[in-house]
S.K.: 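Structure in structure tokens, see below.
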Amino acid sequence: MLRRSVFGTLNAGRFLSNIKAAGLLGQRRTYAHKLEADESVSESEWKGQLYSWKSICLCTIPLIAFGLGTWQVQRLKWKLALLDDVNDRMHRRPVALPLRVTAEEINRNEYRRVIVYGVFDHENEMLVGPRSYESEPGFVVVTPLVREDGSRVLVNRGWIKRELQDPKLRPESQPAGPVTVVAFVRCSPGKNSFMPNSDPENRLWFNLDLELMAKHTGSQEVLLEVIQPESPAAAILDARIGVPLGAPSLVDIRNNHLQYTLTWYAMSAITGTMLYISLRKPRSAIAQIKRLRSRAGRDL
């Protein structure tokens, strides 16, 4: 009898243990099903975000920045070749300017030093401006030069102070006889769209408009830029007495393409990294639990 009661008690204990184990197993299965359901919902949300129009538009930002950086690399190569070409022209020995020059020859020989002989036509002198030099207002003096065959070219003689725009105040800048000019060949600078149109009849010139100036003075569409004396002291002295301050003998052409290249590539890398972080697939709950368990095992 005692034996039966003992066995009954043991069986009852096992039954209760089985019931508890079954309950725990059911809870684990329910929790696992919930994790799987949450994971499927999270993955569907991630896919919806990944293939949205917003994400597609954001993907274009690093691509466009990378394309602009590559374009700036090509521009940098072009600018370096241009600078080498200009530097070579500027250091060549000056040559006599032909009496007739085509537009193609001007484009091919920009910044080439030339020597030209003639007489300045001061009656048709044109003041372009206002233009500033070292924060001081003034004007650029453009004067037709009459050559030995009667043809004319336009000469940008340089900058003068605003107070000296009246030719009577600067007689040193008005040579009467033949002159020899050493100058750079220059292409037409083009019109500035932010400046008003020039008024030749009232002698108002806001832009160095080569075509309009040549038509107004009966000159060829040839623009020369006088080179200032090599001595800075002589150039400053000339400017004080009203002699126009010409272009420096070495022209500094701006080249910022390397900075632009680095900027665009850096922007592409930064926006690409941000895009990856925002659109990468989130870690699933099951994977996170496994990671935490493995970390806990290592800590133990």
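All values derive from a computational prediction rather than experimental measurement.
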S.K.: Main chain of Ser151, side chain of Asp149: is a donor-acceptor contact present, judged purely on distance under 3.5 Å?
M.R.: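 Yes, the answer is positive, given that a donor and an acceptor are paired below the 3.5 Å cut-off.
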
S.K.: Using a 3.5 Å distance criterion without hydrogens, assess whether the side chain of His91 forms a donor-acceptor pair with backbone atoms of Asn87.
M.R.: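 Judged by distance alone, yes, a pair lies under 3.5 Å.
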
S.K.: Taking ILVMFWY side chains as joined if any heavy atoms are under 4.5 angstrom apart, and letting links pass through other members, which residues group with Val226?
M.R.: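 Same cluster as Val226: Val95, Leu97, Val101, Ile106, Val114, Val116, Phe120, Leu145, Val153, Val155, Val179, Val181, Val185, Val222, Leu224.
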
S.K.: Does Ser173 reach the main-chain N or O of Val243 with its side chain, forming a donor-acceptor pair under 3.5 Å?
M.R.: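 No: the side chain of Ser173 does not pair with the backbone of Val243.
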
S.K.: Measuring from Arg157:CZ to Gln228:CD, what's the distance to the nearest 0.5 Å?
M.R.: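 That separation rounds to 14.5 Å.
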
S.K.: Is a side-chain N or O of Asp166 found less than 3.5 angstrom from the main chain of Lys168, in a donor-acceptor match?
M.R.: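 Yes: the side chain of Asp166 pairs with the backbone of Lys168.
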
S.K.: State plainly whether one hydrophobic cluster holds both Trp78 and Leu83, where clusters connect Ile, Leu, Val, Met, Phe, Trp and Tyr through side-chain heavy atoms under 4.5 angstrom apart.
M.R.: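 Trp78 clusters together with Leu83.
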
S.K.: Taking Arg203 for the side chain and Leu127 for the main chain, is one N or O donor matched with an acceptor at less than 3.5 Å?
M.R.: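 Not a single qualifying donor-acceptor pair exists.
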
S.K.: Looking at every non-hydrogen atom in both residues, tell me the closest pair between Trp205 and Met213 and how far apart they are.
M.R.: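 Minimum heavy-atom separation between Trp205 and Met213: CZ3-CG, 3.5 Å.
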
S.K.: Indicate if Leu82 and Tyr111 have the same hydrophobic cluster label, given that clusters are the connected sets of ILVMFWY residues with side-chain heavy-atom separations under 4.5 angstrom.
M.R.: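 Yes, Leu82 connects to Tyr111 through the hydrophobic network.
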
S.K.: Spell out, as yes or no, whether a donor-acceptor pair under 3.5 Å connects the side chain of His216 to the backbone of Glu201.
M.R.: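 No.
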
S.K.: Determine whether a donor-acceptor pair (N or O, by modelled atom type, separation under 3.5 Å) exists between the side chain of Lys79 and the backbone of Arg254.
M.R.: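 Such a contact is found between Lys79 side chain and Arg254 backbone.
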
S.K.: Please check this pair: side chain of Arg92 against backbone of Arg113, looking for a donor-acceptor N/O pair closer than 3.5 Å.
M.R.: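 Answer holds: no.
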
S.K.: In Å, rounded to the nearest 0.5 Å, how long is the span from CG of Leu210 to CG of Leu223?
M.R.: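 So the CG of Leu210 and the CG of Leu223 are separated by 5.5 Å.
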
S.K.: Checking the side chain of Ser198 only, and the main-chain atoms of Phe206 only, is there a donor and an acceptor separated by less than 3.5 Å?
M.R.: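 Pair found, side chain donor or acceptor close to backbone of Phe206.
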
S.K.: Among Leu76, Leu80, Val73, Leu262, find the residue that satisfies the side-chain contact (heavy atoms from CB on, under 4.5 Å) test when tested with His257.
M.R.: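 Testing each of Leu76, Leu80, Val73, Leu262 against His257, the sole residue satisfying side-chain contact (heavy atoms from CB on, under 4.5 Å) is Leu76.
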
S.K.: Indicate yes or no for a side-chain donor-acceptor contact from Arg170 to the backbone of Leu164 under 3.5 Å, with no hydrogens or angles considered.
M.R.: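 Yes, Arg170 side chain to Leu164 backbone: donor-acceptor pair under 3.5 Å.
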
